[in-house]
Each structure stands twice: as C-alpha cells, then as structure tokens.
Amino acid sequence: MTRRGLLQAGIPGAAAGLLALTGCGTRAAIEPARETGVFPGRVGVGDGAIVAFLLICEYLQADFYEQAIAAGVISGAALTLAHAFAEQEQEHIGELTDVLHATGGAAPDRPRTHFPVEEPQSILALGAHIENVVAGAYLGQIARVREPDTRATLVAISSVEARHAAALDLQVGGRVSPRPIARPWTAPRVLDELRPYATVR
Amino acid sequence: MSAPVEIHGTTRAAFLARAVLAAGALAAGPVAQRALAQEDDAGVVRFAIVLEELELALWAHGLQLVGLGSGVRAVVEDLRSDEHAHLRALRALPGGRGGTPASFRFGGADEAGFLQTAAVVEDLVVGGYNAAVGRARTTSLVETLAAIASVEGRHAAAMRVGASLPPAPFAKDPARGASEVGDVLMAWRAPG
C-alpha cells in the first residue's frame, strides 16, 4: 500500500471532517490535500479544527490499545498499563467530543486502523512512539487555542499523554524525558507519523 | 480560581500536605506566596520558578540519601538536570530574574519514602504548571510552560512508577491554582 493509497482510503474521511469544521468541507477543497499529502494545512484554523485533529489522534491511540490487548501477547505490567491507558484514551475521546459539541462542531470520521501487534516488545515500542507523537501533537496546538476552557482541557490531557509516553519509554528501556523541554509537533508531521496505521475502508 | 477539590472528606491541598508531611517534608513558604499573589505573566513565571526550586530541593535531598539505589540515583540526576534547564529557561523570561529563591527541606531517609514524596511533589508540580498555562497571557509563555509541563508529567510518571503507583492517576491532570499550591507550600514552611 502506497502512502497515496493510504491517504485516499484511510484518514481522508477524518480530513473531510476537519475541513468541514473549518468551513472548507467541499470536495474541491479536500482534493488538493489528498493529492499533495498535506494533511490538512488548515488544522490550526479555529478551536474546533484543533480539537477535531486531536480527536483523530485519540481515536488512533484508543484503537492501538484495543488491538494490543486483543492480540493477547502482552501480560503483567505492560497489560496493566495498556488497560489503564486504553480507558484514559476513551475518556479523552469523550472530553474532546464534548468540547466539539459544546462549540457547535461535529466529531470527525473515525479512521479504520491496523497496528502491528504480534510481539510484546514491538507493541511496547510502538505504544511509546505513538504516545510521544501525540504528546507532541498536543503541544503543537495548545498555544493556538483561543477559548480558555478548551485550552485548559487540552493542557490537562497533554500532561497525561506525556505520562503515558514516559511510562512506555521506561518499559522499553528509554529515558524518562528525551529532552528537558518538550518539543511541539506540527499537525502535518503528526499525521505523517500516524498515517501508516490507517487502513483501507 | 478553582474551588478546592474534595477527596474523601478533605481538600486536595490538605490531602497533599498531609501526604508529604507524613514523608517528612518541610519547606519555606513566604516567597512562594508572594509569587503566587501576582496575576500577570511575571507572576506566572515566578510561580513556575518556585515549583522548580521545590523540585531541585527534592532532588538534592534524594541524592544525599545513602540508601538510594544506583538506578534511582541515575534517574534523579537526569531529572535534576531537566529542572536546571527549566530554571534557565524561566529566568530568561520577563519577570524571571530577581527575587529571593525559595528554600525547601525534606525529611525521610530511605528510598521508598523518597519516591513516595517525589511522586506527590511531581504531581503537584504538574498541576501547578497546568494552572500556570491557563493563567499565562502571551503565546510564547504558554508554549514554554506547556512544554515544561509535559516534561514534568513525564517526571511524575517515573516517580509514581518508582513508588509502585499508576503513572497516570487520572485521565486529565487537574490544574492546581495558586491558592491550592500556596496552601501546600505554606504547610511545608521551614522554621525561621
């Protein structure tokens, strides 16, 4: 499956949701994003679009833990963490969905996903990677949010994603914190990292 | 300013204070209280600096413990290095220079007690930073504080794991505003 194929078949439903939230939800507006692979550059326009983007990240995280647990190959502390984090990602989905509804927005389409969850160590490594990406995704958006309550919600979730990342990094022998001051990730970079796990509908 | 949160019949501030006092912590409070009273960005920066001073005192205490294992010691040294970087970043911001550093003292002489104290302190710091992000007015300060809060979240998770606690106790880290943090810091007031 090529990157373009993934773009056309996987997350675009979510992209359409994001573009619709920003008032650009026509087919003509969506096509260029598919063609160039720039996911969508309009993510930062408006609190609703930002929350929708982060909701996509949360969908992917929740799916990852669900698939990791269902695979039945992790146990002990790793399984305990997976269950706890899965529950918290679901709570994040609920929080962000509530924010969207409160502001008159709609949740984006939920992409289908597939994560490689065959082997315990690779599951943990992938989990750590995804958590680090999403922690960076939140940092990339917090300062762009205008509504104080929405910002407070994102900040409160952001540090939890960082906790998840650190716990999984420790599970795979990584450092508590890769750098003293965390780096924000742009939305396109985040989506580039997550796109490989979106599948054909 | 958020109302104190009830935890089993007490406020979170009192709960935290008791938890840390049980581990033998003492601290100075007046400097922190003054910083916490300021509502502008300079006050937010001072507030964050007090949090960093609290952490640096904690790590210094931990590194003096004879019974600290080599693995924990290595992590604490890393975290101390992070706090120094935070402090440098904060002192470079408007309002970050001047003022009398707050001083804190911690009791407790074994690794288990230290890790429990560290978990409580780091959770407090995460909440403090999250509240600070909400108070900050300039975009650059929001970005800096959020980036540090993220790292503090990682520290908190590590200390909680070390203390055999879940790394993330809640789906959302509650913001702990100036009055709540101030209550806790004042409860640790050092004599003199």
Side-chain angles (χ1 to χ4, degrees), chain A residues 58 77 80-81 83-96 131-132 134-171 174-185, chain B residues 2 71 74-90 122-123 125-127 129-162 164-175:
Chain A
E58 295 287 352
T80 301
L81 287 179
H83 277 295
F85 293 174
E87 188 175 324
Q88 293 182 336
E89 307 303 2
Q90 287 296 340
E91 289 188 50
H92 296 168
I93 288 170
E95 288 281 346
L96 296 181
E131 290 288 357
N132 277 291
V134 175
Y138 273 88
L139 288 183
Q141 302 302 322
I142 285 170
R144 309 174 76 185
V145 172
R146 294 182 181 176
E147 172 60 41
D149 288 346
T150 301
R151 178 182 291 173
T153 297
L154 300 193
V155 169
I157 295 175
S158 170
S159 53
V160 172
E161 300 297 358
R163 288 174 185 261
H164 292 180
L168 291 174
D169 276 342
L170 289 173
Q171 284 280 319
R175 296 173 64 114
V176 174
S177 46
R179 54 186 59 82
I181 297 177
R183 287 183 186 163
W185 286 46
Chain B
S2 60
V75 169
V76 169
E77 286 173 346
D78 282 348
L79 304 196
R80 181 179 63 171
S81 175
D82 286 351
E83 317 303 4
H84 278 301
H86 298 169
L87 207 48
R88 283 194 299 275
L90 293 167
E122 288 297 298
D123 280 345
V125 168
V126 172
Y129 265 101
N130 283 355
V133 173
R135 288 173 60 197
R137 294 173 188 173
T138 58
T139 299
S140 61
L141 182 56
V142 169
E143 289 172 340
T144 299
L145 294 176
I148 295 176
S150 183
V151 172
E152 299 298 358
R154 301 181 73 105
H155 292 185
M159 291 299 101
R160 291 184 64 88
V161 169
S164 300
L165 296 167
F170 308 110
K172 292 167 63 184
D173 276 321

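Quick note on labels: first sequence line is chain A, next is B, and so on, each numbered from 1.
- Closest of all the heavy-atom pairs between A:Pro180 and B:Val151 is O-CG2, 3.2 Å.
- Of the atoms belonging to A:Leu170, it is side-chain heavy atoms, and not backbone ones, that fall under 4.5 Å from chain B.
- For A:Ala165, the parts lying near chain B are the backbone and the side chain together; criterion is any non-hydrogen pair under 4.5 Å.
- Heavy-atom distances place no part of B:Leu141 under 4.5 Å from chain A, backbone and side chain included.
- Partners of A:His164 under the ring pair (Phe, Tyr, Trp, His ring centres under 6.0 Å) rule, at least two apart in sequence or in another chain, are A:Phe85.
- Contact annotation for B:Ala89: only side-chain heavy atoms (C-beta onward) come within less than 4.5 Å of a heavy atom of chain A.
- Note that CD of A:Gln88 and NZ of B:Lys172 are 12.5 Å apart. Values are rounded to the nearest 0.5 Å.
- For residues 151-166 of chain A, every residue pair satisfying the salt bridge (charged side-chain N to carboxylate O under 4.0 Å, His left out) rule, not counting sequence neighbours, is listed here: A:Arg163-B:Asp123, A:Arg163-B:Asp173.
- Under the salt bridge (Lys or Arg N to Asp or Glu O under 4.0 Å) criterion, A:Asp149 pairs with no residue, sequence neighbours left out.
- Annotation: maximal heavy-atom pairing with chain B below 4.5 Å, among A:Gly140, A:Pro184, A:Pro178, occurs at A:Pro178.
- Atoms CG and CG, from B:Asn130 and A:Leu154 in turn, are 11.0 Å apart once rounded to the nearest 0.5 Å.
- Heavy atoms closer than 4.5 Å to chain B are found in the backbone of A:Arg179, but not in its side chain.
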Run the side-chain contact (heavy atoms from CB on, under 4.5 Å) check on B:Arg154 and A:Asn132 step by step: do they pass?
CA-CA 11 Å; B:Arg154 301 181 73 105; A:Asn132 277 291; 2.8 Å; yes
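- When each of B:Gly153, B:Ala157, B:Ala171 is scored by its heavy-atom pairs under 4.5 Å with chain A, the top score falls to B:Ala171.
- Looking at A:Leu81, only its side chain comes within 4.5 Å of chain B, counting heavy atoms on both sides.
- By number of non-hydrogen pairs under 4.5 angstrom with chain B, the leading residue of A:Thr153, A:Thr80, A:Val160 is A:Val160.
- At a 4.5 Å heavy-atom cutoff, A:Gln90 makes no contact with chain B through either its backbone or its side chain.
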Report the C-alpha separation of B:Val133 and A:Ile142 in whole Å, then their side-chain angles, then the decisive distance to 0.1 Å, and conclude whether the side-chain contact (heavy atoms from CB on, under 4.5 Å) test is met.
CA-CA 9 Å; B:Val133 173; A:Ile142 285 170; 4.2 Å; yes
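- Across A:Leu139 and B:Ala146, no two heavy atoms sit closer than the pair CD2-O, 3.3 Å.
- Only the backbone of B:Ala149 comes within contact range of chain A, with at least one heavy atom under 4.5 Å from a heavy atom of that chain.
- Residue B:Glu77 qualifies as enclosed at atom CD: its count of foreign heavy atoms under 6.0 Å is above 12.
- In terms of heavy-atom proximity, A:Ala143 sits nearest to B:Thr139 at CB-CG2, 3.8 Å.
- Within residues 80-87 of chain B, the residues having any heavy atom under 4.5 Å from a heavy atom of chain A are, by residue number, B:Asp82, B:Ala85, B:His86.
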